[in-house]
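Heads up: numbering here begins at 1 and tracks the sequence. One-based numbering, in listed order, for ligands and for the atoms of each.
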Amino acid sequence: MKRTQKLMATAATAALTLGTALPAFAAEKWDMPMAYSASNFHSENGVEFAKCVTDGTGGEIEITVHPGGALFAGADIKRAIQTGQVQIGERLLSGHQNENALFGFDSIPFLAPSFDDSGKLWEAAKPGIEALLEEQGLHLLYNVPWPPQGLYFKKEVNSVDDMAGVKFRSYNNTTARLAELTGMAPVTIEAAEVSQAFATGVAESMISSGATGYDQKVWESLTHFYEVDAWLPRNYVMVNADVWSGVSDANKEVINNCASEAEARGLQKSKDYTQFTYDGLKEGGMIVQPASEELMSGLREIGETMTNEWLEAAGEDGKTLVDTYKSMN
Ligand code: PCA
């Protein structure tokens, strides 16, 4: 028997014995797995969100955050929510492009490379992604972009040719494809495990934000970070749709308010963290600089190929999404 069920059963027995009424509500406990380290800004934001819900519902819904992939690894979080193993959780949805290419809309190279563009792209994508998630038994509460993605290496790299043969840590289909097209060897590794992967030589490069490099202290193994601003992938906090439909209207309002606050706060944290983590990488001893013109033009060419491949895979819905976004500019 689950702990909550046991408590309720005990309360019911007590109520019968004493002839008193049950309390008007039964406290619900929600577990919230998150894939990234406790010190990461998404995780800190999630903890604030959880507290907002617990306080705002007067303890009727108590959310416990499990960061660092401790309860479920990133790749398993979505399924854990869908199947009701947990009530709520956070996931990088572009990790599920193999289910549906639309999930990769936020990782299309150079389509929306700034926070402003990424916000517009999300506006264009929101109705489709929300509907897709609802079909999968998931209700979206909020989402927050990672800072712009740049390239990490343990050597100087000035062109795509310099990337040939490098062991590259990927985190979704897009990043694995980028590796293939640049002649690197992709290996999928969760962010929580990258410092170990770099230390042991399993990988020697990645594309990611300054935030992940900083959280993982990658200066212990790597030497260069090139600002590429390739895309800003997003983390999504989702609740199991059945669990959500069981929430009272009053508590839904509390949760929605906490979610809007978390979305705004997370975006600001992401912006602030961009320069902060570049500075941190430098302090750690890394060279942090914009990618050379030659490297950028090589990457742009590869980006075009990847954009076309994505449009092909995502079909009509993908085209509508990109057209809607472009019409906003
Ligand atoms: N960090 C995550 C996803 C994007 C990012 O900046 C990672 O490297 O896995």
Contact check, side chains of Glu48 and Lys269, non-hydrogen atoms, under 4.5 Å: yes
Lys252 atom NZ, neighbour heavy-atom count above 12 within 6.0 Å: yes
Element-labelled atoms of ligand 1 that are located less than 4.0 Å from some non-hydrogen atom of Ala191: 7 (C), 9 (O)
Verdict with supporting geometry, Thr83 and Gln85, side-chain hydrogen bond (donor to acceptor under 3.5 Å, both in side chains): CA-CA 6 Å; Thr83 55; Gln85 285 170 280; 3.1 Å; yes
Protein contact to atom 1 (N) of ligand 1 [nearest heavy atom, distance to 0.1 Å]: Thr212 OG1, 2.7 Å
Worked verdict on Gln136 versus Glu99 for side-chain hydrogen bond (donor to acceptor under 3.5 Å, both in side chains): CA-CA 11 Å; Gln136 297 194 340; Glu99 278 174 35; 3.1 Å; yes
Nearest neighbour in protein (non-hydrogen) for atom 9 (O) of ligand 1: Arg169 NH2, 2.8 Å
Residue-ligand contact Pro233/ligand 1, heavy atom below 4.0 Å: yes
With Glu301 via side-chain hydrogen bond (donor to acceptor under 3.5 Å, both in side chains) - residues at least two apart: none
Nearest non-hydrogen protein atom, atom 4 (C) of ligand 1: Gln149 OE1, 3.5 Å
Residue list, ring pair (Phe, Tyr, Trp, His ring centres under 6.0 Å) with Tyr36, at least two apart or on another chain: Trp146
Side chain, backbone, both or neither: Ser209 near ligand 1, heavy atoms under 4.0 Å: both
Heteroatom distance test (Ser208, ligand 1): nitrogen or oxygen, under 3.5 angstrom: yes
